[in-house]
Structures are given as C-alpha cells and as structure tokens.
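Structure, as structure tokens:
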Amino acid sequence: MKHILDGLEQRRASARLGGGHKRIEAQHARGKLTARERIDLLLDHGSFEEFDMFVAHRCADFGMDQGEKISGDGVVTGWGTVNGRAIFVFAKDFTVFGGSLSETHAQKITKLQDMALKNRAPIIGLFDAGGARIQEGVAALGGYGEVFQRNVLASGVIPQISVIMGPCAGGDVYSPAMTDFIFMVRDTSYMFVTGPDVVKTVTNETVTAEELGGASVHTTKSSIADRAYDNDVEALLQMRRLIDFLPSSNQEEPPEWPAFDEVDRLDDSLDTIIPDNPNKPYDIKELIHKVVDEADFFEIQDAHARNIVVGFGRIEGRTVGFVANQPLVLAGVLDIDASKKAARFVRFCDCFNIPIVTFVDVPGFLPGTAQEYGGLIKHGAKLLFAYAEATVPKVTVITRKAFGGAYDVMASKHLRGDVNYAWPSAQIAVMGAKGAVEIIFRSDLGDPEKIAQRTKEYEDRFLSPFVAAERGYIDEVIMPHSTRKRIARALALLRHKELENPWKKHDNIPL
Amino acid sequence: MFRKILIANRGEIACRIIKTAKRMGLSTVAVYSDADADALHVEMADEAIHLGPPPAAQSYLLIDKIVAACKETGAEAVHPGYGFLSERAAFANALAEANIVFIGPNPRAIEAMGDKIESKKFASAANVSVVPGYLGVIENAEEAVRIARDIGYPVMLKASAGGGGKGMRIAFSDAEVIEGFTRARSEAASSFGDDRVFVEKFIVNPRHIEIQVLGDKHGNVIHLNERECSIQRRNQKVIEEAPSPLLDEKTRREMGAQAVALAKAVNYDSAGTVEFVAGQDKSFYFLEMNTRLQVEHPVTELITGIDLVEQMIRVAAGEPLQLKQENVKINGWAVESRIYAEDPTRNFLPSIGRLVKYQPPEEKREGGVTVRNDTGVTEGREISIHYDPMIAKLVTHAPDRLRAIVAQADALDRFVIDGIRHNIPFLSSLMQSPRWRSGNLSTGFISEEYPEGFSPQEPQGDLAHTLAAIATLMDHIGNERKRKISGQLRGGRPVEFERERVCMLGDQRFDVCVEAQGEALIVRFAEGDQRAHRVSTQWRPGELVLEGEVDGRTVYVQARSILNGYALSHQGVDVTARVYTQREAELVAFMPKKKDAGASKHLLCPMPGLVKTVDVAEGQEVKAGEALCMVEAMKMENVLRAERDVTVKKILAKPGDSLAVDAVIMEFA
C-alpha cells in the first residue's frame, strides 16, 4: 500500500516540475518566476490546493501525440487563501508549451471559474503565455470562448483580477480585458491583440513588443492596465494587499479589520491645503492620505488620466473607494480619460458594496476639438451615469471649485449623494467669475472698473458654498481639519443604507 | 515696564520673543508681509500689522512702516530679533526720534561695532587680543621674514586688496615666507593691480567661540559664558553648543573679561556677542561683535537658566541688571542644531514648499534632559522662497556633553518633516561622528569630515541588526492585524504567519526567527551568536516615528511606507526594509536589478498649455523631484518635476511657447 501511496507523491513531484529544470532556469533567467512560484507568493504559505494537476492535452495533430505528455497542460489551477480568505487562482505555466491554451487547458480554467462563481470567492489569473495552441485549431478558440463567457457571468458577482507577467497576446488578452483589474510587470510583460510582426505586415509600422504593449504603454496611454510593478514579487505581494480591500463577492460586505488610526483624528494642516491664490494647485492625494486610516491608499490607474485620482482606502478599518479631482494635473478638469477612469471605478465600487467618497475640485469639462471629436459628451456621461445609478453610500466633499455640469457629475446631491459636505473654500457655481461676468455684463466690457466691480459682486455671491447650502444642495459646510471625522460619521450612519434601483435586465450606460 | 511691544521680525525668532513677552504679561504686535499673512508669529501675537509684499526690502526692512505700525498700535518698544533691521543704527535712531524704545543696544554701540576696522580699534584700545599682524606696507621678503618672526609661525600673507583666497599664502618657516611673499605679491599684482601684501598670524584649525554679554543702561556689563559654533558650512553655523569643549575655566574667565571690557568700551547696554577665533592651544583673538540677539542664544539660556529676551526687554525699559557676574553659572551642556530647508544630498540647495508633515519632537524636561524647539512653522504651512530657509532650532540640554548629544540625536530621529527637503539626515549623521563627540572641532570640520558632500549611509554592524529587528517587529505588528481581517474561512483558526522570516535592509539579508512574548517580540538572528533580542514598541502602522526598545535600549526610527515595506531612517542612515517569508526571500533572489527601467528620455508636456518658465539649463544635472519647468494650463501653474536623477541634454521649449499635449519640452541624456 505504501508503495501505491508513494506513487502519488512521485507523480505530483513530476507534475510540479512542469516543463522541467531547463525551462524553469530559462524562466528565471528572464527575471520571471514559474507559475507555482507565483502562486506561492500570492497565497498564504501552504494554503494552495491544486486541481487538475494531471490533466494532459488530447491533441494528436501535427505530431502532438508524439513525445512526452506533460501534466498540467500549461496552466496551474486551484485555490488557497490570502490572509485566511478563500481565493481561486490560475497561473499560466510558460514552461509547458509556452503556456499556450488548448482545449483541456481551457477546461481547467473554466472549471475553476465555475467553482469561484459558485462559491462566491475572487478569482485571479496570472498570465504568461503564448496564446492559442495553434495545433488544436478551433478547439482552442472554443476554449477561449468558454472562458470569456464565464468572465462575463462572473463580472459584478465576484472580483476578477488579472496579472500580466509575461507575454499575453491574441485570444489571451480578452479574458483579462473583461476582468475588474489588470496589473502588469514592467519590462517582462506585454499585451496586444496582434504582435509586432503582424503589425509590420499589415500597417508597415515598425514597433517593439514593449512599445506596442508594454506596461508603460498600458498604464499611461491605453489605460488597459491599472498599475505596473517592478517585478513578480512586488506585483504579487501588492495583489495580497489589494485583496485585503475587496469583498469576496457582491453579496458580501467589504472586509474589515481593526483600525490603528483614531477615527476622530483632526488634522489642522488641512485648513491650509487650499492655497490663497486660486490659480495655485495643491495635491489632492495629501487630503486622501490624511483622511484614510494610516495613510494607506491603494491607487488604481496612478499613471493614467492623473487629473482624477481613484483608489481604495479604509475608514474605521472598512474599505472605501475614493474618487478625487486632482488640481495638480490639468487643474483637475474632467476630460474623456478622467471620466472613463472614474466611471469604471465607481461602477466597481457599486458592484461590490464599497462606499464611495468623492473629493471635488473641478473647473469643468475640458474644452477643445480633440475632446469633442473624441466624444466627450458620451464619455463624460459615463461618469454621470455611474454616479447616478450607484446605490452604495456616497459621501461628497467639495473642497474648492465645483463648476458647471461637472458639479452635477461629481456625486452631487442631485445624483442621490447621501451626505454632501463643502469646505468654506468651496465655490459652487456655473463658472468662474471672469467668464460669468463677461457673459452677464457684456455691455460693461469696455469699462474695466465696472467689470472689476461686477466680478467682485459675483465672487462674493457665488464663489462660496453658501448659495448651494441655502438650497440644501450641501448638507453641511465643514471645517477642513474635521474632514476625516465627518466622513467617518457619515459612513457609519450609512452602513445600513437601503436603496434599490428599479428592476431592469441591465441598464444602457452610454458605452 | 512696557505694556506693549512690537516684534519687527518673522519666523522662529518672532515666535520666541512673543513667548517671553507673553510670559512677562506684555501685549505683542506682529508685523508681516503678504507671504506671512497666515504665519505662526501672526497667529501668536495679540495684534498684527501688514507691511507689504513678500520681498524683505518691501516689508520687513521698511523702517517707516514699522515706526508707523508702532504708532498705530501704541507699541512702546520694538524688539528687532536678528537679521533684518536688528543691527541698523538708522532704525534705532528712527525709533528714538519717534519716542519708541529699541530693545537692543544704543545706536552708537551698533555703529562702533558695525565697522570692522573701527571695532578692531575699539578692541585694541580695550586690551582685547586681536589677531597679531602687520598692517603696513611690506617692502621686501626680508622685512616679511622679520615681521613673521615677530608674530610667530605660522603666518598668512594676504593681498591687501584681496579676497576669495587669491594672493593668499600660508608660511610655516622663513623659507616659506620668502617664497610666499614673492608669489603672493605677483599674484596680488596680476589679480588686483595692487601688489601690497600684509602679514597676519595664521591660526591652524581655528575654532569659533563667542561670549554672550549683557549690559544695562547703568553701566553694568556681565558675560554669560561662551558658545562654540565651530561646526559651520560656508560660514553658516550649523551646530552650536555651550559651553565649549575647548575652554578651561581660566581661558573662559580671560575671554569673558575681555568681552566685558569691549562692551564697556562702547557703553553696551543690551545683549550682544563678542566673537573670537580660537586656536587649538586655547589662544584666542577678537573677530567682531554682534550687537543683537544671536540665533544660537538658546544654548546659553539652557546652561545659565537666563531668558535673554526677558533681560533685553528689562534693560531696554531701564531696569538695572539684577544678575551679578558671580551668580552666572554653567549648568550642564546644551547643543543646538539648525534645521534648514535644504537638501544635504544636493550640496545643500534650498528647498521650498508646503510642510505636508511637520511633527517636531515634543518639548519637555524629563530626567535631567530638556528638549526645546524654537520654530516659526506648523504642519501645513509654507517654506517660502523669500526668507531664510531655517525651519527650526532644535536644542537639547543634559547634565553633560555626551548626554546632550545623545538627546539631540534622539530628538533629530523623532523630527518629522515631509513635503520639502531638509538637513535632518545630515545633522543626524553628524551627531554620530566620533570626532564631533570627542569635541575635537574646527571650522573646517564639515569640509574635512564630509569632503565628498553628504550622502546617507547604509547601516552596518549593530545598527543594521537593530534596524533589522525593528523592521521585523513592524512586519509582525502588521501581520497580527491581518490575522484579524473579517471573512476568513469558517472553522479554521486565524491565518498563521511563519516564524522564520527574512529581513532585507537594502541588499543586506538577515535571517531571523521571531517569537511573540507578550507585547514584545523575541528576534533571533540566524547568523552570529543567535542571541535573543527583545524588541517592543507602541508603534502602529501609519505612525511616522517608531519609539522602540531593543534589548532595553530606547531607539527612535522614522518609517515611511513603500511598496511591500518601509523606508527607515535613523541616525543619518537611510535604508529600505522589507520582511519576507523564507520562500518569498528565495524568490526575491531571482528578481533582476533594475536601473531606472522604463524612465523616459523626454519631458513631455502633460497637457496643452503655455510654458511660463524653464528652470534648468542644458547640461545641468537634476535630481529627482527638482522643478524642470512650469506650464500654465487651465489658468493653473503646473510645475513639472524630474521623476528621477537626470542630466538635461537639450531644451526644446522656451517661456512663452504654447505647447500641445505630449510635445517634447526637453531631452535627457
């Protein structure tokens, strides 16, 4: 009997070697880790339970039935825990057929997706693969389709995260594209639909893989990736940090842990964060860092559309999603990229019961042909739509400007903002003084003295929070130093908020 | 006594004067420029009068405006602090004309001591020792040798018209005088068109020692012992202490007597300082007299227990000095560090901006140790470009020099400043210098000890072990909380963390085994003696200063979060700390080293906008975080900063250019 039992360990040992020592060494030489090493980093020590370790492909075409069959078929799947919470994980094994996707490979993934969805636990995919296994033809394509379908069904039910840690091309890119977040590793990962060779053939563009789909491209230009990390270890340990912020499913509350930070901590330095000169920017991240527990903020898309800041923090040990205009970049204006970035984040929070805190300092939407031709109307509407449909607790603080339509968009009272605060420095108006006076008092334009007088009148009347407060659009004008305390109280109040949208199959957000 | 005084200054000194005035029951009036409208001194004072725009010449230096402010507020006297108008006889005169008391010496004393030659004459007349030399024209080398022998070697040959080291020669022997004289003369002739050369005693390894004097309007003058300010950088004092480790009682008495004699010679009637240059052999020579309150006066206050500002106010009001020379004692030792908004790793370039974090160590007196912090800022205020970049003066006092230094080092480790660059790492490193600790000082100390400038050190030896133990503890505290996260699998126990861990301090690896023992953690290092180190702390994530105990010793470490770890700073050492499981550490070893990967070779315009300024030049080396240019967009001024250390290769935009998004502003090498 012992001999039979020992046989299992032998089989496991051989399966764990994947493509063998040589390929593992080659993987390390590229600065990359193997699939199982990556899972070790992602999960609590010893918590990984592997499924389908002995699955092998069934392809006989092009000599695929010749030679040794490698167990696992290019993907390692299973589940484990991150700080005790269940997580499903699949990791492409580049050492086995370059991680390429076969029918059986896809079946391993779909099986895991089904389990994750059924058990309402997050699923994380680690990508490092060469695309479809061409020898399998349409069977591989079918496999992709099955994976995609499950991504869509799980969307908004369980968090789905993709980490790109090597090549990810062709059919492989669309599964990550449908997950909630994509992270990349700098220099060792890239993502594109068609690679440099095809690009050259079709469009005659000469471009490297890094230029076409490296982490720097996708975190800044395309916004495909939500963040990039320097290496595998850094990325995976940060995934553990991210998971600590996320609920396991849309039926769960966000995770909670004891906060070390005082909930009623006042911060006098916030009383001077707004510069005297209205044309001087300030860093909205300072406000976020000083409001969240322990200054711990997980920023999403830190390198793209930096005129808006989004990410996760905690208040009283519970996850909160933050959305904030960033005056430091482009005056915090809303443009196409910022609207899309924030809209997607707001919708993620709403899916997963994460309250949203919005800090508003927005001069309006960005004017110009580039924006209008690019469809600013519909892209801006995405953010408006996202905020309006969100039923999670919404707390808003207007720190300075809230001008024009952008005022409405940024979680205003009119979009069912639950608690809307403004600092005394808030300016809630259709537009700034200069522009307004030039329109209202066009006839006085020739008279600088009169214009100055009118500007002063306008500033005194409208560039304050009080006109809005008089109408109840602002629930309370608060001192900047008490912001953390006030937000914490508001969120505590809203913990049992009940709000439902009318039944619908799904909405029709302006995509 | 006055009822109300005006403080014609800003920053820490204005705040410090207001504190004493308040304690004495006097009303206070602050003055301020536009840049200081929200400053701490304005907040502290009972009243505040606006002077004008930020530049000092249009605000703090305007005598008329300050006199008018006194009249407006009814202030009967003005304390000028240091700098600005403090040593301007014209200011003292203007106040006198308006019947307002100047809290400082009489204008004649200011004038007499304000002139370098005049003050030396007074000093000679008062039998104060001045640097021996021959001021007449020297005809030839033989005469130079004769004079040099009279003065005593070594001597310095200097061009009369000289400056900046040109035409300067040091000679230790007759032969060197002969050679040096000829060359100094020809250099002087070619550089200045004036070949006159004079000879002066050269003081080897000079030290800067000064005597605090205090006089009243009734002819009484006493001295309050010395301060040593030899730790200087380009003639700017960095660290001061009292007393001086050089002086013995006899020298101190002689120096004090000479300083008092000089003060008496000019009818000095306030607080003032007589500066001396001293040789390592305790010889000393008069340099100059400062007719004001010195920046470094707190060290004197702490060893004598005398409030100098109070004394200045009292004597200005005409009170006779209550203090007698024999009652002035030296109690313990005081050390002061000047905390500047300047980057020690970048040749001490000034830094300006918002104090995002400003958390000085708590001021207190405990166990014979005093921590005092004279400052003019609070968290959230600005360090502006218009004034002196000094943020604070951190002073510690203890029964002896070593304990005062240790207290200073600890206080520096607790001093948190974020948002601007500052010299605390440098000061912290300096506090650990064995030479500084031995008291073997000279004005060349900094250039000799830091010939290549300052850069933070990697931790070595015991210090590395201490920091590794601390980092391990910090990681443990974080892990203990992770065990409490909600939503863990039911039926299971809270997640367990492994006891075998690996702490990476930069590239140094420490394998440790940890064991919780009540509130403390026992850390054993795999290498070496495997002795158990007991570490404990009340620190919690989010706090920037960790006060901990390592084997019964209290340590203060600053910790800032970085990805998957902390950046620690302690005693001038800066290091990243990451604590891994053994498996993680094993895999970290496979990670390639990156050098500025993915960093752009171009500065691109991040938005359509107008270039307002370009702050760098082609070929300039720029450090990460430094401003490169300013682009105005959406009516906002956006400062573009270097994301890493770069050299500017080519600048393609100039002020006034209107740029599209992603337009190349400059190229880096």
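Order of the sequence lines sets the chain letters (A, B, ...), proteins ahead of strands, with each chain counted from 1. Just so it is clear, the values below take in all heavy atoms, side chains as well, and ignore hydrogens, waters and symmetry mates.
Residue A/Ala86 touches chain B through both its backbone and its side chain, counting heavy-atom pairs closer than 4.5 Å. Heavy atoms closer than 4.5 Å to chain B are found in the side chain of A/Asp267, but not in its backbone. Contacts between B/Tyr358 and chain A at a heavy-atom distance below 4.5 Å are absent for every atom of the residue. Proximity to chain A involves both the backbone and the side chain of B/Asn564, based on heavy atoms less than 4.5 angstrom apart. For B/Arg483, no part sits under 4.5 Å from any heavy atom of chain A, backbone or side chain. Contacts of A/Glu37 with chain B are made by both backbone and side-chain atoms, with heavy-atom separations under 4.5 Å.
Annotation: maximal heavy-atom pairing with chain A below 4.5 Å, among B/Gly380, B/Ser486, B/Ser561, occurs at B/Ser486. Your options are B/Glu379, B/Glu584, B/Arg354, B/Lys482, and the one with the most heavy-atom pairs under 4.5 Å with chain A is B/Arg354. Among A/Ile273, A/Asn307, A/Asp296, the residue making the largest number of heavy-atom pairs under 4.5 Å with chain B is A/Ile273. Heavy-atom pairs under 4.5 Å with chain A were tallied for B/Thr581, B/Val495, B/Val639; the largest tally goes to B/Val495.
Between B/Tyr32 and B/His50, the ring centre distance stays below 6.0 Å.
Put simply, CG on A/Asp293 and CD1 on A/Ile315 are 6.0 Å apart, with the number rounded to the nearest 0.5 Å. The CD atom of A/Glu210 lies 10.5 Å from the OH atom of A/Tyr190; values are rounded to the nearest 0.5 Å.
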